[in-house]
Q: 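The structure under discussion is supplied below as structure tokens; questions concerning it will follow.
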Amino acid sequence: MPLVVQKFGGTSVADSQKILAAARKAVRAHQQGNQVVMVVSAMGKNTDALIELAKEVNERPPAREMDMLLSTGEQVSVALMAMAIDSLGYKAVSLTGAQIGIKTDSSHTKARIHSISTDRIMNLLDQGNIVIAAGFQGIDDNLNITTLGRGGSDTTAVALAAVLGADQCEIYTDVDGVYTTDPRILPEACLIKQVCYDEMLELASLGAGVLHSRSVEFGKKFNVPIHVRSSLSDVPGSIIVDTAETASLAVSGAALTKDEALISVFDVPDVPGTIYKIFAPIADKKITVDMIVQNVSEQGNTTVSFTVPRGEVTDAIDAVKSSIEMLGGRIGRIDQDVSKVSVVGLGMAKQTGVANRMFRTLAQAGVNMEIITTSEIKISALVKRESALNALRTVHSEFGLDKVAPCNPAEPSTRGPVNAVSAAEVVDRLQHNLGMESLMIDDIAIDESQSRITLSKVPNRPGIAAQLFERIAEAGVFVDMIVQSYASDRIADITFTMPRDQFENAIVVANQVCADFGCEKVDFKESIAKLSVSGVGLRSHTGVAIGMFRALSDAQINIEAINTSEVRVNVVVDGGSGQQGIACLREAFSRSLD
Ligand code: ADP
Ligand code: ASP
Ligand code: MG
């Protein structure tokens with residue numbers, strides 16, 4: 001009998017009528033001959049209310065107790081849902097994470113799933129029950145209740161779909177599906193019929209809160225097609241799959257993370273190991289760091305800047321202080337009024353001119369970019385929070401995301417038999433040996449074909465990056481990485497890489513632009529090596545970047561630039577150190593390789 005997992009988010013179970021409506025959807029699927037597992041979130045804004053309550057008692061509540069408290073929200077919903085289904089005349093049993101046997105690690109408030117036992121759920125289903133699972137929670141080896149992080153019910157749903165070999169995983173929410181950007185922020189956003197896992201992973205981790213990014217990791221790893229749709233209507237919604245029609249678009253979506261904080265550490269020694277020493281204590285706290293940038297060295301010292309979610313800034317600062325004690329340096333800037341605007345598209349890896357279009361349109365809108373980082377499939381710019389909405393609207397329109405052709409209804413896709421077998425093997429291996437959410441690395445690679453150019457002390461004002469990269473594009477140069485770092489309120493450094501056979505053209509343009517803008521100097525390295533580790537969910541696995549930094553630090557190799565994405569972390573090192581660097585990375589990650 002086909003098995004369906006249906007997840008209902010907070011707004012979809014916000015009151016008794018909505019609970020009954022969700023119950024009817026599950027009953028309908030059951031009547032159609034499916035076995036049904038529901039995953040339910042806390043009602044409405046109940047989790048927020050519990051967090052507020054905790055803060056009234058204690059400014060920094062112990063994480064274990066937080067989990068004890070927050071898990072109650074989902075427990076209320078599952079019980080009510082089971083009662084609602086019973087009132088419709090069908091059999092239902094509600095289960096907490098612990099009762100299902102969702103085993104996690106002990107990282108309270110951001111736990112990762114190790115394994116899920118399926119016996120109890122399968123028995124209950126075989127007895128004709130609709131099973132209602134509490135989202136977002138699990139239990140560690142010492143029977144402590146854990147939670148998976150805000151929005152984690154999506155992850156529970158996709159993980160259950162994976163271990164149960166479900167035919168469909170439906171995420172019911174309060175919008176019609178995945179849009180080109182948050183439709184509550186930009187009403188002109190369009191529904192996207194199909195999205196690839198990689199694009200969705202990026203969008204979710206860069207602010208598209210419609211899905212918990214780790215749920216997309218599960219989808220990709222275990223080949224679960226995720227169907228996002230409305231609990232309020234029967235609109236077909238969006239399917240997240242391996243290959244989608246959007247894959248050829250340069251930009252298929254845009255996202256905004258409103259609550260970012262920028263931390264700049266000034267005057268740290270520019271020697272191998274610095275980056276590792278700054279980020280190791282942050283990674284220990286499992287804080288996700290993004291937009292790591294470093295300045296051109298001033299008399300052996302440099303500035304390292306990075307962003308963290310605003311809610312984690314206090315913990316991040318505590319961690320940085322401990323590094324500075326060993327390393328030297330000082331925290332020069334903490335800016336909690338910044339937002340990250342990003343565009344994502346698989347097609348941008350093959351097209352030139354995407355970055356300069358984004359920079360040009362932001363400059364025309366008068367938006368200054370404080371920091372820029374790119375990866376193969378995304379470009380992110382850090383801007384002042386007050387200009388974030390304007391920035392998002394501008395780039396969304398520039399890439400025609402408000403004009404995406406009306407979508408055909410998405411066909412609910414189910415897994416094919418071949419994929420189901422291989423997914424089952426992966427589930428089995430990870431459940432029993434490693435842990436379902438453990439890191440899966442599929443490649444460690446070196447690219448020795450590029451050169452690097454850095455313009456240092458560029459005026460920090462709108463339009464500079466746009467002009468530079470327009471002129472670079474006009475010279476026929478295909479830019480790969482772009483990193484704009486923060487030096488002070490007035491100046492920035494811009495680093496970019498390009499194929500070595502285009503270096504001559506690029507350096508001519510860089511020198512001209514440098515003279516035109518009055519920047520200090522053009523620094524370059526004709527021979528660099530880009531070292532990359534690829535896998536799934538790498539940004540949320542804080543250990544990957546830090547593992548790379550540690551391995552290179554141990555080998556005394558200096559890191560010149562970094563970019564991170566959900567599917568790949570790249571670091572640039574001197575060309576002469578490339579082979580040694582790649583050997584170190586292979587050694588460091590040998591156990592994680594498939
Ligand atoms: P749920 O409680 O169902 O899990 P969430 O609030 O977590 O719902 O997620 C749904 C919300 O995600 C929408 O109301 C919307 O505001 C927001 N959102 C952000 N980005 C996107 C996007 N790209 N597409 C659709 N919704 C988005
Ligand atoms: N109730 C939890 C939250 O609000 C989990 C979820 O809704 O996915 O974050
Ligand atoms: Mg959610």
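Numbering starts at 1 and runs along the sequence shown. Numbering of ligands and ligand atoms starts at 1, following listing order.
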Q: Would you call the rings of Tyr90 and His30 parallel, tilted or perpendicular, where under 30° means parallel and over 60° means perpendicular?
A: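 It falls in the perpendicular class, over 60°.
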Q: Grab the two heavy atoms, one from Arg150 and one from His212, that are nearest each other, plus how far apart they are.
A: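 For Arg150 versus His212, the nearest heavy atoms are O-CD2, 3.1 Å.
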Q: For a side chain to side chain donor-acceptor pair (under 3.5 Å) with Ser153, tell me which candidate from Ser215, Ser41, Ser77 qualifies.
A: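 With Ser153 as partner, side chain to side chain donor-acceptor pair (under 3.5 Å) holds for just one option, Ser41.
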Q: Out of Leu191, Asp182, Thr173, whose heavy atom is nearest to atom 3 (O) of ligand 1?
A: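 That would be Thr173.
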Q: Record the part of Val210 in heavy-atom contact with ligand 1 below 4.0 Å; permitted values are side chain, backbone, both and neither.
A: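 It is both backbone and side chain that touch ligand 1.
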Q: With no hydrogens and no angle check, is any side-chain donor or acceptor of Thr564 less than 3.5 Å from a backbone partner on Val569?
A: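 No, because the side chain of Thr564 does not come within donor-acceptor range (under 3.5 Å) of the backbone of Val569.
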Q: Counting only non-hydrogen atoms of the protein, does one fall under 4.0 Å from atom 6 (O) of ligand 1?
A: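 Protein heavy atom within 4.0 Å of atom 6 (O) of ligand 1: absent.
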Q: Would you please determine whether Gly151 falls within less than 4.0 Å of ligand 1 on a heavy-atom basis?
A: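 Contact absent.
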Q: Report the part of Thr181 in contact with ligand 1, treating N, CA, C, O as backbone and CB onward as side chain, heavy atoms under 4.0 Å; options are side chain, backbone, both, neither.
A: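 The backbone, only.
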Q: Run through Lys110, Lys103, Arg214 and flag the one making a salt bridge (Lys or Arg N to Asp or Glu O under 4.0 Å) with Glu437.
A: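 So, applying the salt bridge (Lys or Arg N to Asp or Glu O under 4.0 Å) to Glu437 and each of Lys110, Lys103, Arg214, only Arg214 qualifies.
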Q: Can you list every protein residue that has a heavy atom under 4.0 Å from any atom of ligand 2, sorted by chain and residue number?
A: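 Residues near ligand 2: Ser41, Ala42, Thr47, Glu74, Phe136, Arg150, Gly151, Gly152, Ser153.
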Q: Quick one: does ligand 1 sit under 4.0 Å from the side chain of Ser12, the backbone, both or neither, non-hydrogen atoms only?
A: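 Near ligand 1, Ser12 shows nothing, with every heavy atom at 4.0 Å or more.
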Q: Counting neighbours of NZ on Lys91 that are heavy atoms of other residues, nucleotides or ligands and sit closer than 6.0 Å, is the number greater than 12?
A: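 Yes, NZ of Lys91 has more than 12 neighbouring heavy atoms, counting only those of other groups under 6.0 Å.
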Q: Measure the shortest side-chain to side-chain distance between Val567 and Lys220 over non-hydrogen atoms and say whether it is less than 4.5 angstrom.
A: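 Result yes, sub-4.5 Å side-chain heavy-atom pair found.
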Q: Atom CE in Met436, atom CZ in Arg112: separation rounded to 0.5 Å?
A: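 CZ of Arg112 is found 12.5 Å from CE of Met436.
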